[in-house]
Amino acid sequence: MAEPSIWSLTEGHPEEDPATSIMRTLWDQPRWLEAYHLYDDRGSELFEQICELPEYYLTRTEEAILERAAGDIIAAAPVECIVELGAGSAKKTTHLLTAQIQQRKTGIFAPIDVSLPGLILSREFNRTHLPQIRFHGLHARYEEGFASIDKNLPTLFVFLGSTIGNFNPASFVRFFSQLSDAMGPNDFLLLGVDRIKEIRVLERAYADSQGLTAEFILNVFVHINSLVGSNFDLAKMRYHSWYNPEWQQIEMYAVSNAAQEIRFPSFNTSFRWEKNDRILAEISRKFDPERLQQQLRFFDLHPVRHFTDPNDWFSLLLFKRAAD
Ligand code: AVJ
């Protein structure tokens with residue numbers, strides 16, 4: 001019997017389950033949500049549409065850098081396997097896989113994602129366009145996926161799209177500790193990060209004229225209702241975002257239009273969501289690449305190369321894991 005090409009690790013894992021995460025962070029002060037809840041099927045679809053928006057420069061800027069740098073990156077990282085974290089439909093990674101085939105004939109591609117439709121698209125794309133690459137999808141959260149990675153296989157970990165910007169300082173540290181532990185000596189990490197820049201450019205990217213970003217952010221409450229049976233009502237809330245210069249991050253909120261009772265029947269509890277009170281649904285941190293390179297030394301990740309675009313808006317950073 002053939003092995004499945006997409007493995008699911010979402011059942012029976014020791015990590016906190018989504019409902020518990022929601023019930024924990026909504027009772028925190030200020031109320032907030034972990035970003036992965038945004039990526040249900042609808043959310044993932046909306047995010048793919050956001051990537052096409054004229055205001056949302058991140059995706060196309062990163063892809064242009066990657067297109068140009070893929071050959072250099074693969075040459076600098078002699079690996080057999082490419083693990084992509086939060087891959088989505090993994091369109092951008094095609095540049096790396098193509099360079100891998102050109103330079104080494106074969107390879108393994110192991111995308112990890114919490115959303116299944118993207119993995120399925122990516123598998124189809126692989127089957128038709130990159131038959132020299134063995135596909136091994138993992139339907140899981142990153143931390144769960146790490147456990148099943150073979151440390152003896154020379155691997156390039158790829159974390160693109162400035163997804164790292166979703167992590168607050170505590171999750172940032174946890175993420176890089178776990179990632180660094182999962183990496184074998186001499187493995188590589190390619191990290192795509194959005195850079196600190198003019199506030200107007202930043203704010204426009206998260207307040208598009210079509211209202212897609214608002215729809216994406218508020219959709220998380222539809223998803224939460226279906227997960228925990230709560231009564232969030234999209235007609236009684238609005239989207240608000242701004243760039244917090246002190247924390248160097250875009251903050252994306254749902255704001256209550258009127259005092260309302262939010263009930264969680266299966267947990268036998270509720271809270272009063274006062275008019276104009278906010279729930280922080282997502283943060284998107286912006287980075288200084290040199291400073292980030294310094295910070296990641298703490299996790300035994302050493303800078304190898306830095307690629308950017310003509311505007312210095314986005315950076316692709318290549319790191320090498322130090323041998324223990
Ligand atoms: C997927 C986390 C990189 O922060 O720019 C886009 C998510 N949210 N528009 C970002 C997002 C609203 C995106 N990341």
Side-chain angles (χ1 to χ4, degrees), residues 32-63 65-66 84-93 111-115 117-119 122 141-142 158-169 171-172 175-176 190-223 237-244 247-255 278-287 289 292 309 313-317:
W32 64 288
L33 292 165
E34 290 193 282
Y36 75 92
H37 302 297
L38 289 159
Y39 297 91
D40 65 346
D41 290 355
R42 178 70 184 139
S44 301
E45 186 179 292
L46 284 164
F47 179 65
E48 297 283 328
Q49 292 173 25
I50 287 173
C51 294
E52 308 283 321
L53 287 169
E55 297 95 336
Y56 197 75
Y57 59 87
L58 286 79
T59 313
R60 77 183 73 87
T61 308
E62 182 180 52
E63 175 151 22
I65 303 169
L66 200 49
E84 182 168 14
L85 310 173
S89 56
K91 259 192 286 173
K92 289 175 281 194
T93 316
I112 305 178
D113 205 292
V114 288
S115 168
L119 284 174
S122 167
R141 289 169 66 185
Y142 318 130
V158 177
F159 197 33
L160 297 178
S162 207
T163 306
I164 189 63
N166 273 162
F167 293 177
N168 63 33
S171 349
F172 179 96
F175 174 79
F176 279 108
L190 182 68
L191 190 62
V193 294
D194 195 20
R195 297 172 62 159
I196 298 163
K197 62 178 69 62
E198 207 189 328
I199 293 184
R200 269 192 316 137
V201 177
L202 288 172
E203 289 195 333
R204 258 206 316 255
Y206 297 88
D208 64 279
S209 50
Q210 289 178 43
L212 267 180
T213 309
E215 201 181 334
F216 169 70
I217 293 296
L218 298 186
N219 171 69
V220 79
F221 296 97
V222 178
H223 178 53
M237 62 175 87
R238 63 185 182 277
Y239 171 65
H240 169 72
S241 62
W242 79 302
Y243 182 69
N244 180 332
W247 288 84
Q248 301 174 327
Q249 61 188 20
I250 294 281
E251 298 176 355
M252 289 162 268
Y253 291 96
V255 187
R278 306 186 295 185
I279 296 174
L280 181 58
E282 190 180 26
I283 58 169
S284 185
R285 296 170 70 192
K286 304 304 164 189
F287 299 90
L292 190 57
D309 57 289
W313 276 5
F314 201 95
S315 285
L316 273 186
L317 302 169

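The first residue in the sequence is number 1, and the count goes up from there. Start at 1 and go down the list; that is how both ligands and their atoms are numbered.
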Backbone or side chain, does any N or O of [X] fall under 3.5 Å from an N or O of ligand 1?
| X | result |
| --- | --- |
| Y56 | yes |
| K286 | no |
| S284 | yes |

Legend entry - Geometric cation-pi criterion R60 and F314, 6.0 Å radius, 45° cone: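 Relative to the ring axis of F314, which defines the angle, R60 lies outside at least one limit.
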Legend entry - Y39 and D113: side chain donor to acceptor below 3.5 Å: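 Distance-only check fails for Y39 and D113.
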Inset, instruction - Return yes if a side-chain donor-acceptor contact under 3.5 Å exists between K197 and Y243, otherwise no. - result: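 Note: K197 and Y243 side chains miss the donor-acceptor criterion.
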Legend entry - For Y253, all residues meeting side chain to side chain donor-acceptor pair (under 3.5 Å), sequence neighbours excluded: E251
Inset, instruction - Examine the proximity of ligand 1 to Y39 and report which part, side chain or backbone, both or neither, has a heavy atom under 4.0 Å away. - result: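 Near ligand 1, Y39 shows its side chain, while the N, CA, C and O stay back.
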Legend entry - Sequence-distant partners of P54, side-chain contact (heavy atoms from CB on, under 4.5 Å), two or more places apart: none
Legend entry - contact_flag S162 ligand 1 heavy-atom lt 4.0 Å: yes
Numbering the atoms of ligand 1 from 1, which are under 4.0 Å from a heavy atom of [X]?
| X | value |
| --- | --- |
| M252 | 8 (N), 12 (C) |
| N166 | 2 (C) |
| G161 | 3 (C) |

Inset, instruction - Flag the pair K92 / T59 as yes when at least one side-chain heavy-atom distance between them is below 4.5 Å, and no otherwise. - result: yes
Legend entry - Shortest heavy-atom approach to atom 7 (C) of ligand 1 - which of Q249, E282, E62: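 Answer by nearest heavy atom: E282.
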Inset, instruction - Classify the angle between the aromatic ring planes of F167 and Y142 as parallel (below 30°), tilted (30 to 60°) or perpendicular (above 60°). - result: tilted
